[in-house]
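Below is one structure, written out as structure tokens; the observations come after it.
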Amino acid sequence: MEQNNRIWWKEAVVYQIYPRSFKDSNGDGIGDLCGIISCLDYIKSLGVDVIWLNPIYASPNDDNGYDISDYRAIMKEFGTMEDFDLLLREVHARNLKLILDLVVNHTSDEHPWFQEARKSRKNPYYTYYHWWPVEQETPPLRPSYFEESAWTYDPHTRAWYLHYFSRKQPDLNWENREVREAVYDMMRFWFDKGIDGFRMDSIPLIAKDPAFPPIDRKKYPDLFSSYAHGPHLHEYLHEMNREVLSKYDIMTVGEGSAVTYKEVEKFVGPERQELDMLYGFGPSEVRNYTTADCPDSGIGYSLIALKKMFSGWDKAVGKGWPAIYLGNHDQPRMLSRFGDDRPQFRVYAAKMLATFLLTMRGTPYWLAGDEIGMCNPKFDRIGDYRDIATLNQYKQIEKRKGDTQWFLQMQQQTSRDNARTPFQWDNSGQAGFTTGMPWIGVNPDYRKINVAAQEKDPWSVLNYFRQLIALRKSSPDLVYAGYTLLDAKNPRTYTYLRKGEKYHYLVVLNFSSKQAEAYPGIDMQGAEILMCNYGDLPQLDKVVSLRPYEAVVMRSEEFGG
Ligand code: GLC
Ligand code: CA
């Protein structure tokens, strides 16, 4: 049984910080490393174990640090290498761990490698990137995530260069052994400093066929999913593991862009020696407004699809280990999307989603701010947005005289900036995030929703989150036990059993704003109720009658069948 084989990162809760938006220490409106240091006691108090920082490296910030111009330097807005070293020491002094973002599908066009590369086709760095020389006529169709085409013409080299993201993010050529060596060297630099792992950005996209053959549209109707199927992908990941990862006691989690269930185990199967975990794009694929399976549920998406997705992922990892999340810096706030941010439901829904993430099998990834129930800000002007994805799409729609108003309405639900507004510390101006002008607007709901207020309230989302972490920590069964979905077809509730060695846990969740009934199909006589987000005890019988967004965690030595 897995418990004989306990591993720290399986038991960890990962707390994701978007450094730009967490805490500003010097009043320039941009969060920074010293700001994070000043909040470490708060982070520790949550009970989380690992801090993941979105990129903190030198960058011209075309894509908020995902365009790196120097992998071994700190972005000047965020501080200095001394600040980083201090942060790492302070993190470790609190018995926490720190993981960084590894962004090696591409660099910035301002990285010295690319600056050299574009000097001439003969430059030794030219082969660090992917090019399509003008002699070969128009480059093959490759769409970009942020622009129309993933090819941009460079007049100097008389060639197009490839960028799956923005034109300021040219893709590295992993076919070139020198590129791989340079990346591994850089990884060692950070591991030797003592970091505890990497979250690997867009990692399935690194391998490419340099001949760029036409994409098989039958196999990949959206074109993009073909990007995760480069010819030598798994050889590279295995090589990286052998040469670097295996030498350190660290954790890795890949961003599983465009990876299907069938392929997950290739990344995370322990015997394959590639990555520890991969997180899928499931949550973003469970589209809003697919209420077809229960139009009157009060749920703006298909819960049935959500359950199927999580259960599918749990299986797909095989002997590997799942990563669990409902939101991150690329997706809207989980409460607005999968819960309910209306005032009468907000607190219950936030606690219910927390109950879900912390009682599932897998390592939970938690975006800072979700522990107080932060919501989408509902920006209504394009000028409020900062994200290149939103800004570029808006420009394209304007250009073709499309409906920009409709687009803005959709962005209130989908834009990545929804999750990037400043962290809400207290009810002073700018939510205690900065004494200056924040780089992106603070959600005006900060006067109600902030850490200071919730610290004082024993029933707050924040304190409930802490209790859940304590519960998870108290029982290895809750971490390692298998997961069985009990109500695949119920459109409003999500019920699952975690059958551990000593205890069995039954989790019953109402994802809807209406009363709902769950039928776990097992005998709950004598079960002990460990958590309920309503404070008082729910009605238990063969059926569990649940109030809106009610969450109940039960434990028993064995549930009868
Ligand atoms: C990943 C990151 C995202 C970034 C993109 C390009 O998807 O999470 O924020 O824009 O890669 O690096
Ligand atoms: Ca600052």
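One-based numbering, in listed order, for ligands and for the atoms of each. Computed from heavy atoms alone, side chains included, the values below leave out hydrogens, waters and symmetry copies.
Of the possible polar contacts, one joining the Asn418 side chain to the Ser415 backbone as a donor-acceptor pair under 3.5 Å is found. With hydrogens and angles disregarded, no donor-acceptor distance shorter than 3.5 Å links the side chain of Glu243 to the backbone of Tyr184. Using a distance-only test at 3.5 Å, with no hydrogens or angles considered, no donor-acceptor pair links the side chain of Asp32 to the main chain of Gly79. Remark: the backbone N or O of Leu205 is paired with a side-chain donor or acceptor of Lys208 at under 3.5 angstrom. No donor-acceptor pair under 3.5 Å is formed between the side chain of Glu274 and the backbone N or O of Leu237.
At a threshold of 3.0 Å, the Ca ion (ligand 2) has a backbone or side-chain N, O or S atom of Asp32 nearer than that distance. The nearest N, O or S atom of Thr434 is not closer to the Ca ion (ligand 2) than 3.0 Å. At a threshold of 3.0 Å, the Ca ion (ligand 2) has no backbone or side-chain N, O or S atom of Gly29 nearer than that distance.
Shortest contact from atom 7 (O) of ligand 1 to any protein heavy atom: Glu255 OE2, 2.7 Å. Closest to atom 10 (O) of ligand 1, if we only count protein heavy atoms, is Asp63 OD2, 2.5 Å. For atom 5 (C) of ligand 1, the nearest non-hydrogen atom of the protein is Phe165 CE2, 3.6 Å.
Checked by atom type, the side-chain pair Tyr125/Gln115 shows no donor-acceptor distance below 3.5 Å. Thr421 and Asn443 are not linked by any side-chain donor-acceptor pair at a separation below 3.5 angstrom, with hydrogens and angles left out of the test. At a cut-off of 3.5 Å, with distance as the only test, a side-chain donor of Ser166 or Asp62 sits close to an acceptor on the other residue.
The closest approach between any non-hydrogen atom of His163 and ligand 1 is not below 4.0 Å. Not close to ligand 1: Tyr164, with no non-hydrogen atom less than 4.0 angstrom away.
The atoms of ligand 1 that sit less than 4.0 Å from any heavy atom of Ser202 are 1 (C), 11 (O). Annotation for ligand 1: atoms under 4.0 Å from non-hydrogen atoms of His106 are 6 (C), 12 (O). Numbered from 1 in the order shown, with element, the atoms of ligand 1 that lie under 4.0 Å from a heavy atom of Arg416 read 3 (C), 4 (C), 9 (O), 10 (O). Short contacts between ligand 1 and Arg199, defined as distances under 4.0 Å to a heavy atom of the residue, involve ligand atoms 2 (C), 8 (O).
In Asp28, the N, O or S atom that comes nearest to the Ca ion (ligand 2) is OD1. Closest to the Ca ion (ligand 2) among the N, O or S atoms of Asp24 is OD1.
Counting heavy atoms only, Asp330 comes closest to atom 9 (O) of ligand 1 of the residues Asn328, Asp201, Asp330.
If you look at Gln331 next to ligand 1, there are no close heavy atoms at all, none under 4.0 Å. Under 4.0 angstrom from ligand 1, the non-hydrogen atoms of Arg420 all belong to its side chain. Of all the heavy atoms of Tyr18, none lies under 4.0 Å from any atom of ligand 1, so neither backbone nor side chain is involved.
With contacts defined as side-chain heavy-atom distances shorter than 4.5 Å, the pair Tyr57/Tyr66 does not qualify.
In this structure, Tyr71 and Trp113 have tilted ring planes: the angle between them lies in the 30° to 60° band.
Considering only residues two or more places apart in sequence or on other chains, Thr260 meets the side-chain contact (heavy atoms from CB on, under 4.5 Å) condition with Lys262, Glu263.
Centred on the Ca ion (ligand 2), the angle running from Ile30 (O) to Asn26 (OD1) is recorded as 150°, rounding to 10°.
With His329 as the fixed residue, the side chain to side chain donor-acceptor pair (under 3.5 Å) test singles out one of Arg420, Arg20, Gln16: Gln16.
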